[in-house]
Amino acid sequence: MSFWIIKTEPNTYSLEDLERDQTTCWDGVRNYQARNNLRLMKVHDLAMVYHSVGPKELVGIAQVTKSAYADPTDKTGSWSAVDVKFKKRLIKPVTLAQIKATPRLKDLKLVTQSRLSVALVSEAQWSILLAMAETN
DNA sequence: GCCAACGTTGGC
DNA sequence: GCCAACGTTGGC
């Protein structure tokens with residue numbers, strides 16, 4: 001079981017949209033490293049959803065329901081997508097500023113590789129983030 | 001809206 | 001295969 005952070009622009013597709021849809025195809029990733037991460041995702045893996053525009057913060061948790069398959073928005077056949085379902089909204093969103101102010105999170109990919117839209121999170125980092133969000 | 005950092009492309 | 005030029009992303 002792995003943990004991830006997946007980024008989205010809320011004006012394109014927000015956590016609220018996911019909550020309404022319940023399940024969605026997480027497509028449109030056009031970065032090789034992010035794609036490789038998508039392909040590593042397994043059913044039941046958990047991912048925190050990060051809003052990268054507006055308040056920059058982690059807002060909710062999604063769960064992988066289908067592992068990587070061909071991205072339907074891609075004609076070339078070289079990109080991948082996964083399916084995720086809405087799990088929960090964080091009681092307290094965790095802001096990028098908070099994360100940066102937390103020494104134990106200094107190695108979080110979200111900080112060190114800010115352009116990576118699908119990033120692995122260690123179990124330890126995941127626990128810290130959950131605690132900051134006051135949820136389990 | 002600007003700019004720095006990063007990724008990708010293309011010419012050699 | 002290298003590297004310069006270009007494009008894109010994301011934080012501020």
Side-chain angles (χ1 to χ4, degrees):
Chain A
M1 163 108 175
S2 303
F3 303 99
W4 308 89
I5 284 176
I6 53 180
K7 299 204 279 189
T8 185
E9 299 195 0
N11 39 21
T12 305
Y13 195 85
S14 66
L15 183 73
E16 289 70 30
D17 293 326
L18 180 60
E19 186 171 15
R20 185 198 60 225
D21 296 345
Q22 284 300 305
T23 297
T24 195
C25 169
W26 205 265
D27 59 20
V29 171
R30 293 294 181 272
N31 169 285
Y32 289 106
Q33 235 183 309
R35 182 200 68 180
N36 292 343
N37 285 334
L38 279 181
R39 291 181 176 176
L40 292 173
M41 285 184 170
K42 295 189 185 67
V43 175
H44 303 314
D45 279 1
L46 293 172
M48 284 208 193
V49 176
Y50 177 77
H51 281 173
S52 62
V53 172
K56 290 178 286 299
E57 56 195 17
L58 293 162
V59 288
I61 298 177
Q63 185 163 36
V64 177
T65 57
K66 187 177 177 186
S67 57
Y69 56 95
D71 184 337
T73 68
D74 165 45
K75 300 184 197 88
T76 71
S78 54
W79 300 105
S80 298
V82 298
D83 285 353
V84 298
K85 73 175 176 191
F86 178 82
K87 190 100 172 139
K88 66 174 64 170
R89 183 186 293 269
L90 299 184
I91 296 166
K92 281 172 52 183
V94 179
T95 67
L96 182 61
Q98 277 179 276
I99 290 169
K100 286 189 167 173
T102 306
R104 290 183 67 202
L105 293 176
K106 70 172 171 45
D107 294 326
L108 201 67
K109 287 280 192 299
L110 191 68
V111 178
T112 60
Q113 242 184 303
S114 61
R115 295 181 62 178
L116 188 58
S117 57
V118 181
L120 186 67
V121 177
S122 73
E123 196 168 353
Q125 291 167 334
W126 183 265
S127 308
I128 296 167
L129 291 172
L130 278 185
M132 290 168 79
E134 293 182 357
T135 179
N136 288 300

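Remember, predicted model here, so these are calculated numbers, not experimental data. The figures here come from the full heavy-atom set of this structure, side chains too, leaving out hydrogens, waters and symmetry mates. Per chain, numbering begins at 1; letters A, B, ... match sequence-line order.
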Requested in this report: Check step by step if side-chain contact (heavy atoms from CB on, under 4.5 Å) holds for A:L40 and A:N37.
Outcome: CA-CA 5 Å; A:L40 292 173; A:N37 285 334; 4.1 Å; yes
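The salt bridge (charged side-chain N to carboxylate O under 4.0 Å, His left out) test applied to A:R115 returns no partner, not counting sequence neighbours.
Criterion: ILVMFWY side-chain heavy atoms under 4.5 Å apart, direct or through other members. Under it, A:I128 and A:I61 are part of a common hydrophobic cluster. Residue A:V84 is not grouped with residue A:I5 when hydrophobic side chains (ILVMFWY) are merged at heavy-atom distances under 4.5 angstrom, including chains of intermediate members.
When DNA chain C is scanned 5' to 3' for any atom under 4.0 Å from a heavy atom of chain A, the first and last hits are C:dG7 to C:dC12.
Taking the six-membered ring for Trp, A:W79 and A:Y69 have ring centres at least 6.0 Å apart.
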